[in-house]
Amino acid sequence: MFFHIVLERNMQLHPRHFGRDLRDKLVSKLMKDVEGTCSGRHGFIVAITGIESVGKGLIRDGTGFVTFPVKYQCVVFRPFKGEILEAVVSMVNKMGFFAEAGPVQIFVSNHLIPDDMEFQSGDVPNYTTSDGSVKIQKDSEVRLKIIGTRVDATEIFCIGTIKDDFLGVISDPGATS
């Protein structure tokens, strides 16, 4: 799920950046440092949408660096238990498969794949139905349901299932159109 929230961060800036474009340097450093990172509490920071305020700088003794408190708006992505996501399969093995939905990696165990699908090893490992009509392999798009999340300080791990109604393969790269 995507959220638009306000966060705060203390930014350190070297004295050589002081001048007319101080605010621009501060904003570009904030974007470089923050976008694409993950905080366990808020999720993955996708993009900074605006700067609410830049506080007064505090000079650090002995270094000349200045610390500015910056309040900014951003879009974050945080997956939740029970959420339905569309993801691209990145790896298939006999234990299940890994899929990626944006920055999140989701593992789907072979116990959470429908019983009529079996693992096929070979050049392109995949899960295939007995009649061969549906195939899950690398680069397949799947719709899955998140059944569990584990949040670390800098990462979010998810477990998913496709063993439910309306879940499974959306598009198969191996199929001919």
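Quick caveat: nothing in here was measured; it's all calculated off a predicted structure. Counting from 1, the numbers follow the sequence of the chain as shown.
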Distance-only, no hydrogens or angles: does the Glu83 side chain make a donor-acceptor pair with backbone N or O of Lys145 under 3.5 Å?
no

Does atom CG of Asn10 have more than 12 heavy-atom neighbours, drawn from other residues, nucleotides or ligands, at distances under 6.0 Å?
yes

Verify the cluster assignment for Ile5 and Met31: are they in a single hydrophobic cluster under the rule of side-chain heavy atoms below 4.5 Å apart?
yes

Report yes or no: does Ser109 contribute a side-chain atom to a donor-acceptor pair with the main-chain N or O of His111 at less than 3.5 Å?
yes

Given 3.5 Å as the limit, does a donor-acceptor pair link the side chain of Asp139 with the main chain of Gln137, or not?
no

Parallel, tilted or perpendicular, as decided by the 30° and 60° cut-offs, for the rings of Phe80 and Phe3
perpendicular

Could you tell me whether a side-chain N or O of Arg78 sits under 3.5 Å from a main-chain N or O of Arg41, the two making a donor and an acceptor?
yes

Full working for side-chain contact (heavy atoms from CB on, under 4.5 Å) between Val27 and Lys29
CA-CA 5 Å; Val27 170; Lys29 184 173 176 7; over 6 Å; no

When every non-hydrogen atom of Glu8 is compared with those of Pro69, the smallest separation belongs to OE2-CB, 4.3 Å

Mind checking whether Phe77 and Phe2 have parallel, tilted or perpendicular rings, split at 30° and 60°?
tilted

If you count the non-hydrogen atoms of other residues, nucleotides and ligands that lie under 6.0 Å from CD1 in Ile59, is the total more than 12?
no

Neighbour count >12 (heavy atoms, 6.0 Å) for atom CG, Asp61
no

Is a donor on one side and an acceptor on the other found under 3.5 Å between the side chain of Thr149 and the backbone of Lys81?
no

For a quick test of reading the model, state the closest non-hydrogen atom pair linking Tyr72 to Arg9 and the distance between them.
CE2-CB, 3.9 Å

Are Arg23 and Asp21 within salt-bridge range, i.e. N to O under 4.0 Å?
no

Gln73 CD: over 12 foreign heavy atoms closer than 6.0 Å:
yes

Given 3.5 Å as the limit, does a donor-acceptor pair link the side chain of Thr129 with the main chain of Val134, or not?
yes

Single-linkage hydrophobic cluster, 4.5 Å side-chain cutoff, Ile106 and Ile113 together
yes

Would you kindly confirm whether Val88 and Val108 end up in one hydrophobic cluster when ILVMFWY residues are joined by side chain heavy atoms under 4.5 Å apart?
no

Heavy atoms only: give me the nearest Leu144-Ala87 pair and the separation to one decimal.
CD2-CB, 4.3 Å

Of all the heavy-atom pairs spanning Ile156 and Gly43, show the shortest one and how long it is.
CD1-CA, 3.8 Å

Same apolar cluster (I L V M F W Y, side chains within < 4.5 Å links), Phe98/Val89:
yes

Greater than 12 external heavy atoms within 6.0 Å of Met95's CE:
no

More than 12 foreign heavy atoms under 6.0 Å from NZ of Lys25: is that the case here?
no

